Structures are given as C-alpha cells and as structure tokens.
Protein chains: 2
Amino acid sequence: MIDTPAAIALVRTASLSSLVEAEVMRLILAGDLDSGEQIKEVKIAERLGVGRSSVREALRALEAAGLVRIEKNRGAFVRVVSEAEAREMYVVREALEGLAGALLAPRISDEEITELRARVDEMETYLDPADFHRYFPLNLTFHRRIFEMTGNGRLIEIYQRLTNELHTIRRNGLLRGGGLSVSNTEHRAIVEALAARDPAAASAALKAHVAAGARRRTGHREERVVA
Amino acid sequence: MIDTPAAIALVRTASLSSLVEAEVMRLILAGDLDSGEQIKEVKIAERLGVGRSSVREALRALEAAGLVRIEKNRGAFVRVVSEAEAREMYVVREALEGLAGALLAPRISDEEITELRARVDEMETYLDPADFHRYFPLNLTFHRRIFEMTGNGRLIEIYQRLTNELHTIRRNGLLRGGGLSVSNTEHRAIVEALAARDPAAASAALKAHVAAGARRRTGHREERVVA
DNA sequence: ATCTTGTCGATTGTCGACAATGTCAACCGC
DNA sequence: GCGGTTGACATTGTCGACAATCGACAAGAT
C-alpha cells in the first residue's frame, strides 16, 4: 500500500542521503543512538539498504547540524555536549526565547492564545512525576509553537537547531523528578503576558522561565530539566 | 618546500572534503561564486584535483551551513537570501548583538577595551566612500571580535553562521555609499558603553546600531549596508 | 613485568563506473 | 511560424572497489 502522489513527491524531492539524514537524526533524538556512540557507516547502510556514499553525505550534513562529530579515519560519533557547552547554549536560548516573546506579543491571534492556553491546561494534567514522559514532549511542543507563531523562519530554525543539540541534556533530565508544577505555572504566566499583548512582559516571562530551567538543571544536577 | 610538521597535522586531521568545503566557502564569501550561481561538481573536482565524492560531501555540509542550496537532480547553487529573509535575519542578529553586549560588558578587560578603541580609530580613517573596501572588512572584524570576547562559543558560532549567510546582502551593500561616519559614531558609543562596564547600555547601543543598519539598508535599498 | 614492534581485521577515505534525470536544441506536423 | 516531441548531451545520484588508516593483540626484546 503506497500513497502514490506522496511517493512521487518524495522521489522527486528527496535524495537517499537526505532520507538517511532524517532517519539518523531520528535515531539520535529518540535516544536509540546514545551520546558518544560511534555510528558505523556500513551498519547504517545495510540497515537502510543504501550505499555508503549516501550514509557519508548524511553524516556530513548532521555534523554541520551539530548532532554528529566526525574524526578523520576514526569515525562518526553522536555528539556529546559538555556541561560548559550546555550552559552556553542556555544563555543563548534565553535570549532567543525572550526575542520570540517580544515578537509574538504584538501579533498573536485570539486563536493562538486559545491554543496555548489549551496546551498549558493539558500539561497541567500530567504534573505527576510518573507522567513525565507525557509532560516532556508537550513542553517541547509548547515552546516550539511559540517560536513558530512569531513567523520568523530564521529564528525558528536557529531555535530548532539549538533544541536538537540539547536533546541529550533534556533526556538526561528525564531521569529524575521535580518542579513540574512550578514550570507549568511559569508557562501560564507566559501565556497571559502574550494574551495581554505586552512584549516586554512576555519577553521577561520567557527569559525568566528559561533561566529558572537552567537553574533547576545546574542546581540539582541530577534532577529533571523542565525549561 | 613543505613544512613537514604542519603537513602531518593537516593530513592527520583534514579530510579532502573538509578542505573542499573550506575552499568553496571561501569562493562564495569572496564573491568568486555569485549568488544563485550553479556549482558544478566536476568543475570543482577537477579544479582541486579530487573526486566527486569529496565535492559532494563538502556541498552537503555547506548546505547544512546555509551557504548552498541543493535541488535534487538539478544541482547545487549558491544560496540567495531574499529581502524577507534578510529582514528576519537582521531581527535575530539584533537580539544576538544585544546579548553579546550584555555578556561582554561585565567581563571585558582593559586590553580588550584598548583593542576595540583602536579598531574604531582605524575605521575612522576610512570614512571616505572610496575607502569602503577597507572600512567594510574592519567593520566585520569589529563585530566579530565583540562576540569572540564574550567567550560564549555557541553564541560566536551562531553569529558567524548568520554573518556568512548575509554575505550577499553585505557585499551588495558595498555597491553604493552613505552613512559611514554615522556608523562609526555608533561604534564609538558601543565601545564606551562596554568600557563603562554597563551591560544595559552596551546591549542597547549594539541593538540600536544593528537596527540603524537595517534601516539604512531598507530605507535606501540601493545604499551601502553598514551595520 | 614492561615496552616496543609486527601483523591483522575492521573501518573509513577516495575514486571512478554506471544509471537516472534534467536541459535544450533540432525536428516534425500543422 | 509555432507548439509539441524526440533525442543527444550534460549533470547529478548511487554504488561498489580499492587504498589508507586505526586499534587490538601477539611476539619478542630488554
């Protein structure tokens, strides 16, 4: 069973290496490939039924995207982000989220406000530590949607890239618990600042939220990350 | 005559495709490859004496870096950034420069202040429109140094990437003249805010400078870009 | 015992061959 | 002329082959 029109569009636009790239990225973000783990070309090639060239091109692209590190003659490895790098990234992320809030506040539509409120409400039902595996993706989507609503494609891209690189940190944060209700209270403050169409308040609320998340992370190094 | 240790280090760490990547990037940034121009694999391969695989890997990396656009079965092209994209990028850049100023102000050293002042002084000697080809690279370096001084590697990387993508816009801006002395006056204000170790003032000065540069750009679409 | 050296299997780096696709101009019927 | 078709050419997509390199292990020297 094949969706013919979709298949045509796919073959027309997607090269093998681009598909391999997407699949390897998925494996990394899903955690099927651990941080620091070596990615062997032939293994991927055989699993997906493609040649090594396609895999190598995909790995080069993923290296440029920051998800993979390639050492000559040694191989490709899932990139590990150090504590120091994570701190740097959180600083940048704070500024980006602040910008997103300032951009979105004046232009947000009533429908978008409703959507964000609904998302916060949904997260509210998963505050129990046992539900963290549900809360977590909702949280990611909430933040992503705010960026998407700004309509600034470049901002969205940069944020998404940063988010991808932080995947390890975020998933590691999944291991322990704490602070979910505080996090979601901050979410609500963000939405209300946006609903008030107040750029400065929205920017401040988002920056405070990210900074608090970073503090939760470094404070209890072994606790969950909820930013 | 070969510098043996350097040669060993090079062969040890640099793959052919990484060298091709650097060279093609140079060609694009230097304007030897025009915006929108097709980059033919064999042409590059023959010119550099390498196989097509190396060139293809390099192009995939450059695509991920945003400098090249690849259309399946049609080829690789030097990426063209539209007016709308340029506006988006300037918005992001304004936020990044503001962040850099806020980060740098509290930590800047006396030597760094001296360096920045010297750079502004040097630019002051090239305010004549005829000297724009001198002023321009100095301007780029001035801004880059501010980011480098923040010590935030990720911020530096994101800024550099944005700058690379804006190369076309900036060079096109070279075609006409105007506003150099205003631009450098803003530079001086930036340095003095940094010298005062005032994060808010430095951030504001940098944001204002970028915003003014963007306005100079869109205002006189055909004028020089000096941001 | 420790260090050096030689060897081997595994893996990556690079290349050219072949297939698939797009481009474009010559050609045809009208 | 003119729109459409066809076919040759240029270019890219993908693959497998071969060489270079790495890491581990064994053998030998000190």
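Each chain gets a letter, A, B and so on, in the order its sequence line appears, and its residues count up from 1. These numbers come from a predicted model, not from an experiment.
A salt bridge links Glu157(B) with Arg161(A): at least one charged nitrogen is closer than 4.0 Å to a carboxylate oxygen. Comment: Glu94(A) does not engage Lys207(A) in a salt bridge, judged by the lack of any side-chain N to carboxylate O separation of less than 4.0 angstrom.
Arg12(B) comes within 4.0 angstrom of the backbone, heavy atoms only, and of no base. Counting non-hydrogen atoms under 4.0 angstrom, Ile39(A) reaches the backbone sugars and phosphates but no base. Across all strands shown, Ser53(B) has heavy atoms under 4.0 Å from base atoms, whether or not it also approaches the sugar-phosphate.
Contact check, Gln38(B) against dT12(D): a side-chain N or O comes under 4.0 Å of OP1 or OP2. Contact annotation: Arg56(B) side-chain N/O to dT12(D) OP1/OP2 distance is not under 4.0 Å.
The Asn73(A) side chain lies nearest to dC22(D) when the options are dC15(D), dC15(C), dC22(D). In this structure, the nucleotide among dC15(C), dC22(D), dG13(D) sitting nearest to the side chain of Ser54(B) is dC15(C). Closest approach to the Val50(A) side chain among dC22(D), dT14(C), dC15(D) is made by dC15(D) (side chain taken as heavy atoms from C-beta onward). Residue Arg52(A) has its side chain nearest to dT12(C) when only dT14(D), dT12(C), dC22(D) are considered.
For the pair Glu41(B) CD and dT21(C) P, the interatomic distance rounds to 16 Å; values are reported in whole Å. Rounded to whole Å, atom P of dG22(C) lies 16 Å from atom CD1 of Ile70(B). If you take CG of Leu16(A) and C1' of dG16(D), they are 15 Å apart, rounded to a whole angstrom. Atom P of nucleotide dT23(C) and atom NZ of Lys40(B) are separated by 12 Å, given to the nearest angstrom. The NZ-C1' distance, from Lys43(B) to dA10(D), rounds to 14 Å in whole Å. Here the P atom of nucleotide dT12(C) and the CZ atom of Phe77(A) are 8 Å apart, to the nearest Å. Between Arg60(A) atom CZ and dT14(C) atom P there is a gap of 9 Å when expressed in whole angstrom units. The nearest whole Å value for the distance from the CD1 atom in Ile44(A) to the P atom in dT14(D) is 17 Å.
A donor and an acceptor atom, one from each side chain of His209(A) and Glu97(A), are nowhere located under 3.5 Å apart.
What you find for Ile70(A) and Val68(A) is that their closest heavy atoms are CG1-CG1, 4.0 Å.
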- Message: Is there a side chain to side chain donor-acceptor pair (under 3.5 Å) between Thr163(B) and Arg144(B)? Walk through the geometry before answering.
- Response: CA-CA 9 Å; Thr163(B) 300; Arg144(B) 182 167 45 75; over 6 Å; no
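The 5' end of DNA chain D is approached more closely, in terms of each residue's nearest nucleotide, by Glu71(B) than by the other of Glu71(B) and Lys72(A).
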